[in-house]
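Data block below; observations after.
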Amino acid sequence: MEQIIGERENEQKSKRSIEAAFDIAVLDKTSVCKTDLLCEEAFPELCVGEENIIFAVQDDEIQAVLQLTPCIAALRRNPRLKQAKRLLNMADIERVRINQIRVAATKIPYRQKGYMGRLMSGSLEYQHQLRIPFCFAESSNKSFWEHFGFGYIYDRPQYELNTELISREVLERAGEGDLIPLLDSDIFLHVADHGSVLSLAHFVNANLCRQYGLFIIRSALYFEHFQRELESGGGNLFEIVENGRMKGYFAYTGDACIREAVFADEADRERFLCVKGEKKPAVMARIVNLPEMLRHISGNGKITIAIKIIDPVLENNNGVFLWYIDENGSRIERVEQENGDEDASARPEVTTTIGEFTAFIFEYMQLKQNAKFDSIYLSGPVWMNERY
């Protein structure tokens, strides 16, 4: 209890310091409800939640907003199991608190005034103070997010139904509650009901942790929200089972699109769904607190790398560092450089932006060729599809 109280006090202290330093308002659920912010037509995607934090520029009215939604990420514990006699499971991951930037918007009359820069800088500094390792956003606006140090970490695949096996008529029958046989009498299609969303969450988490180094942990509540959203557009969550055991699931939007699909066996996914076009860059992220992020990164033996990181927003992440890595994790140490003098051991072996470094950590891209990198256990690949 004392730890929780201490954390809340730290959060309140950080909020007040951010408000003073960046001349912005930091609003939680209670303060948001006291304003007319959620009624603002200019910000239709804002939502009230117990843990959501909204940063706002306001004078006589709210002029710009940025909303953080907290979530729990699963990071694979490293070193990875080699020659393991069992499949990876949820015991092999670490649960890490991170944030999604759900909304970043400025009213039209107030654009090009630097308001979003204040909100972004303030929100990133706030997260840094709370030791949040990284945050992410779903966006196709690459130039906007790169300006604030973000880089892509995930390309989303596109699927459509294999209509030879699952037609829209079949989906409609399943949506009415029917259990539809597929291929043979042992494989069935049905809609996830309220009693099965917990088992669906277990299935999705269990299969994602076997294939990916980073994903957002799903809950029954997540799928309840997701299902209501899909139903409002004529879609639903569909499960494929064999002899009572789930083989996979997909989220159908109602307009012939598959928004999400997870299967235990890739061959089953290829049988029931078809790839539709190329993967699309979908999720951008950036490390917020370097020490907190890098303590989750380990290596095969002891490694030391001199690295220069360029961060346009957070000064604590900007500079030349010695990165010490071993089998238990890693840490960084800033290298002070005065009068242009450099110790030979601290001359950067690689120079990178914080966005590129984030993409490297999550196995989305490679940095400059360096044999030392081959001995680092990175936190990828990534699977992300957070939409509610």
Side-chain angles (χ1 to χ4, degrees), residues 44-47 49 69 71 100 102-103 137-140 154-183 187-208 211-212 215-242 245-266 268-283 383-388:
E45 295 183 356
L46 281 178
C47 62
T69 297
C71 46
Q100 178 184 13
R102 285 182 52 90
V103 181
E138 294 205 14
S139 179
S140 59
Y154 178 66
D155 294 344
R156 181 170 296 125
Q158 302 179 80
Y159 300 122
E160 59 186 359
L161 290 172
N162 179 353
T163 53
E164 294 183 2
L165 296 178
I166 305 176
S167 65
R168 297 191 69 166
E169 179 184 359
V170 166
L171 288 181
E172 290 174 1
R173 288 170 52 200
E176 293 171 356
D178 292 344
L179 194 63
I180 311 297
L182 301 174
L183 296 175
I187 301 179
F188 294 89
L189 173 75
H190 69 88
V191 166
D193 58 39
H194 292 298
S196 69
V197 288
L198 180 58
S199 60
L200 175 58
H202 286 321
F203 170 83
V204 170
N205 290 330
N207 282 280
L208 291 180
Q211 303 175 51
Y212 299 96
F215 63 94
I216 306 302
I217 297 176
R218 302 304 179 85
S219 65
L221 181 62
Y222 176 92
F223 284 110
E224 288 176 3
H225 280 273
F226 198 4
Q227 188 168 43
R228 285 197 294 270
E229 179 188 331
L230 291 166
E231 288 174 338
S232 67
N236 217 314
L237 302 176
F238 292 90
E239 299 175 346
I240 297 175
V241 298
E242 181 178 18
R245 184 174 182 178
M246 195 179 305
K247 297 178 72 67
Y249 113 97
F250 60 89
Y252 181 74
T253 63
D255 56 0
C257 292
I258 304 297
R259 206 169 86 186
E260 181 171 288
V262 177
F263 282 77
D265 189 330
E266 185 66 12
D268 286 324
R269 198 279 302 158
E270 293 176 351
R271 180 164 32 164
F272 296 107
L273 304 178
C274 302
V275 174
K276 179 184 178 182
E278 299 291 329
K279 291 182 178 181
K280 290 186 176 181
V283 177
W383 190 93
M384 280 191 170
N385 192 34
E386 317 319 304
R387 297 297 295 273
Y388 89 84

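Reckoned from all heavy atoms, side chains included, excluding hydrogens, waters and symmetry mates. Sequential numbering from 1 along the given sequence is applied to the chain's residues.
- Interatomic distance, SG of Cys71 versus CZ of Arg102, reported as 10.0 Å (0.5 Å rounding).
- Here the side chains of Leu237 and Val191 are not in contact, with every heavy-atom distance at 4.5 Å or above.
- Within the 4.5 Å cutoff, the side chain of Lys247 has no heavy atoms near those of the Asp265 side chain.
- Donor-acceptor pairing under 3.5 Å is lacking for the side chains of Arg271 and Asn162.
- When all heavy atoms of Ala201 and Ser219 are compared, the pair lying nearest together is CB-C, 3.7 Å.
- Taken to the nearest 0.5 Å, the CD1 atom of Ile166 stands 6.5 Å off from the CG atom of Leu273.
- Side-chain contact between Phe263 and Phe272: present, with at least one pair of heavy atoms (C-beta onward) separated by less than 4.5 Å.
- Taking CZ of Arg269 as the reference point, atom SG of Cys274 lies at 8.5 Å (rounded to 0.5 Å).
- In this structure, the side chain of Ser196 does not engage the main chain of Ser199 through any donor-acceptor pair within 3.5 Å.
- Of the possible polar contacts, none joining the Tyr222 side chain to the Phe226 backbone as a donor-acceptor pair under 3.5 Å is found.
- In this structure, the side chains of Glu138 and Tyr154 stay at 4.5 Å or more apart for every pair of heavy atoms.
- Annotation: side chain of Ile240 is not in contact with side chain of Asp268 (no heavy-atom distance under 4.5 Å).
- In terms of modelled atom types and a separation under 3.5 Å, the side chain of Gln227 and the main chain of Ala192 share a donor-acceptor contact.
- Considering only heavy atoms from C-beta on, Lys280 comes within 4.5 Å of Gln158 through its side chain.
- Annotation for Leu179 and Pro181: closest pair O-CD, 3.6 Å, computed over non-hydrogen atoms.
- Between Phe223 and Tyr249, the ring center distance clears the sub-6.0 Å criterion.
- No donor-acceptor pair closer than 3.5 Å links the side chain of Asp178 to the backbone N or O of Ala174.
- Closest non-hydrogen pair, Ala264 versus Phe203, comes out as N-CZ, 3.8 Å.
- Glu169 CD: 12 or fewer foreign heavy atoms inside a 6.0 Å radius.
- With values rounded to the nearest 0.5 angstrom, Glu176 atom CD is found 11.5 Å from Leu171 atom CG.
- Classification of the Phe238-Tyr252 ring pair by plane angle, with boundaries at 30° and 60°, yields perpendicular.
- At least one donor-acceptor pair under 3.5 Å links the side chain of Asn205 to the backbone N or O of Arg218.
- Formation of a donor-acceptor pair under 3.5 Å by the Arg156 side chain with backbone atoms of Met384 is found in this model.
- Remark: the backbone N or O of Leu200 is not paired with any side-chain donor or acceptor of Glu239 at under 3.5 angstrom.
- For the atom pair Gln100 CD and Thr69 OG1, the distance stands at 6.0 Å (nearest 0.5 Å).
- Thr253 places none of its side-chain heavy atoms less than 4.5 Å from the side chain of Ile258.
- Remark: Tyr212 OH to Trp383 CH2 distance equals 7.5 Å, nearest 0.5 Å.
- The side-chain heavy atoms of Asn385 and Ile216, taken from C-beta on, include no pair separated by under 4.5 Å.
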